[in-house]
Amino acid sequence: MMADLAQVVVDVPTMQTNQPYTYLIPDRLVEIAQAGMRVIVPFGSGHREVQGFIVGKSPQTEYDGELKPISAVMDLNPVVNSELLQLSHWMAETTYAFWITCLYTMLPNLLKAKSQRMVRIIDELSESDQMALFGNQDELDFSKVQHDPETVHKLSQLQRDKKIEFVYQVNDRARVKTVTAIKASLSFEQYEDELQGIAKNAKAQHQLILYLQTLGDQVVALKEAQATTGLSSATFNLGQSRGWLTKVQQEVYRDPFLQISVAQKQTLTLNSEQKVAVDTIDQAIEQSIAQTFLLQGVTGSGKTEVYLRVIQTALDQGKTALMLVPEISLTPQIVGRVRSRFGDQVAVLHSGLSNGERYDEWRRISRGVAKVVVGTRSAIFAPLENIGVIIMDEEHEGSYKQDESPRYHAREVAKWRSDFHHAPLVLGSATPSLESRARAEAGLYQRLVLSKRANQQALPPIEIVDMRPEVQKKGETNFSQRLLSALHARLERHEQSVLLLNRRGFSSFVMCRDCGYVLKCPNCDISLTLHMDSHSMKCHYCGHEESIPNRCPQCQSRRISYYGTGTEKVTAELGELLPNARIIRMDVDTTRRKGMHQKLLDRFGNHEADILLGTQMIAKGLDYPNVTLVGVLNADTGLDLPDFRAAERSFDLLTQVSGRAGRANKAGQVIIQTFNPDNYVIQLVKEHDYERFFATEMNLRKLAAYPPYYYTVRIMGSHPDEKEVAKAMFEIRQQLDQVTDSRTIFLGPTPRAIARLKNCYYYQIIIKYRLDQKLHSLLSQIMHEAQSKYSRDLQISIDPDPQYFI
DNA sequence: AGCACGCCGACT
DNA sequence: GTCGGCGTGCTC
């Protein structure tokens, strides 16, 4: 029996509608409608239509109400295959997100249709209403008038009088880019006949026919045909009207690679450690084993070459490969290398692409044209089939966790797909996350170590400079004598230096020196940040902007000025200390414009500057042979944040930035300035000793019951009224206490460090657990009940394994 | 989300 | 008496 019912997940992201609804498949669509296709369905009262996904078909349903039919099917082929459909469901379950949100997250933006609310006239209006509201049209886009209360009021009256109705239109935005192309419409002999018929002096026509004879069945872009023949478009038009050729619209893919410079193709020989790693992973690919490997390699140890080799193996086996990188803009070299090795088989997916480019890359993957995918977090959903290997470079990076719903971790999704495809997963890092390193310790992951740099250079020596005596001697400064003379030496030798200003958890704010007043955002309880570019104070959370005060609003003192160190201030100080040095400053302000990031790096790479001074963003991926000195101006700021991962992140940052020195044949040197020279993080960075850092940090995590010993979940509640959130969150806490395992630990509810944000109050409960059978279903239940149980404005979100705790 | 339904206060 | 405010429940 033909299934004629479809289970549809509708685009109404609420907990109450987070389930498949049953629809009739009308006869005309029975042959077409498949699971994984987007559909338009009527939903709710009135003429409301929404987009949805068919997630299954069935001949029967439990639902005994009246069924509505699917209005339209939006796709000819499923946009979500069976694997990704299952994955979306799993993700919705494990991240407490709406199924519909998960489905959209896996697809390019363009496939999210925009629904338009139109107002349509159904009965004659008075002359004045007609003109005032609709003019000469009989339809009106409601979104254009919805902010005008008078018009809205008028429209709702007319609706009540049944003069107008509201209609919802769903427009698919996905457009395929096409170019005009031509193809020959006659046979070789027929063209011979045509040649007899044209005038002797019609040279252009003659040439056109000769050209068409060479084409055979080929379809050639009109532009290209013009270029090769040198004939004008008029000639081709004439050819069309004579019936010599036909014009067709040919689908093309937008090329996102035009801007990425492709590095020189080079074959590198593997050292013995690399060889072991490659062979081991190759074996898992060939035998289709879903083993996870932790590829632990010091900075510059040639992890990329290992990736490329195992991708090649997957391709040789007729399989595909998926490679994730933390941020494309920071690792353009890697993309370049993959592309130079595998050419057109590579598709790239990252945030820098336009919606159109992203859609085209996605289609190339979907159709099996692209067999290797390189991309950032969301590329983990690339519709590749028959995956042979999945690679995650810099697996410890926080950017692999999405910090909005669905709050998935790409590592977990990668694991899921690795299991599904029976393909190995390779996690690469110089400073693995404690979670991954601990799993390797427990034997769940297989550890592969690259302990030597590929270029045989030793890791650069790291020197720790105690800033306390420096500041006592010279007063407030960002540069120790030691660092200054090292910079001097580089200038004289025409070598380059990189300076890191650690700004994590640190901002330039305005403070009154007399009364201590700090300028804060009126909407959010956080300090405003000084922006010299725009001469204003800005809130980094809500975007509030005001002018820089010259008198303290509290005590009227004029001694109100900025406090803290920004790259601007440091650049100025450096300019005074080393007047001859050419400095490039890199931070969020100088790289805000698209492409600026790469431009600045390119300038530095071309030795147009001696010193690159920047924030965290300079720590990764930078690979310039002429850099022999790395200085860290203030190693401390990240160490004492109220976040259990602060030490781990600092270790990673300092290790990464140290790795920028001495990449080629010149020896490198690293100088780290700190007010805490004895801190274990600083000391172990100096020793290049990740393993001891791991052991030390694991002990601390064990004592404090944090990951990897415990799992964490955060429940966040928000409401415009503080009393409402607090009440609801305390009730949730009680509910948790009663049901969950006694060994499970709760923190809170507490107001967030920034309790008020965008005029909402935030409270959070942190849950730490090891084994808790009931917790998951209880959390799902809390999500479900939230809307009906508490105030309607209460927002509850649940974040499994949150990355930031402040 | 968006809409209907229903229950209360303040108005022609 | 009724218009319109918003709290509540439902959407195959």
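Just so it is clear, the values below take in all heavy atoms, side chains as well, and ignore hydrogens, waters and symmetry mates. So you know, we letter chains A, B, ... as the sequences are listed, proteins then strands, and number each from 1.
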Within the 4.0 Å heavy-atom criterion, would you say [X] contacts the bases, only the backbone, or no part of the nucleic acid?
X	result
A:Glu66	sugar-phosphate
A:Pro42	sugar-phosphate
A:Tyr23	sugar-phosphate

Per-pair stack call A:Tyr63 and C:dC12, 5.5 Å, 30°:
yes
Before accepting this row, confirm whether a basic side-chain N of the pair A:Arg417/A:Glu83 lies closer than 4.0 Å to the acidic partner's carboxylate O.
yes
For the side chain of [X], counting heavy atoms from C-beta on, which of [options] is nearest?
X	options	answer
A:Thr14	B:dA1, B:dC3, C:dC12	B:dA1
A:Thr17	B:dA4, B:dA1, C:dC12	B:dA1
A:Arg792	C:dC12, C:dG9, C:dT11	C:dG9
A:Tyr21	B:dA4, C:dC12, C:dC10	C:dC12

Quick check with a 6.0 Å cut-off and a 45 degree axis cone: is A:Arg363 positioned over the face of A:Tyr359's six-membered ring?
yes
Which whole-number value in Å describes the distance from [X] [atom1] to [N] [atom2]?
X	N	atom1	atom2	result
A:Ile70	C:dC12	CD1	P	13 Å
A:Phe43	B:dC3	CZ	P	13 Å
A:Ile25	C:dC12	CD1	C1'	13 Å

Aromatic ring pairing A:His89/A:Trp99, orientation class (parallel under 30°, perpendicular over 60°, tilted between)
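Correct class here is tilted.
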By the definition side chain to side chain contact (heavy atoms under 4.5 Å, CB included), identify the one residue from A:Pro108, A:Pro383, A:Pro78 that meets it with A:Ser366.
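Going through the options one by one, the only one that passes is A:Pro383.
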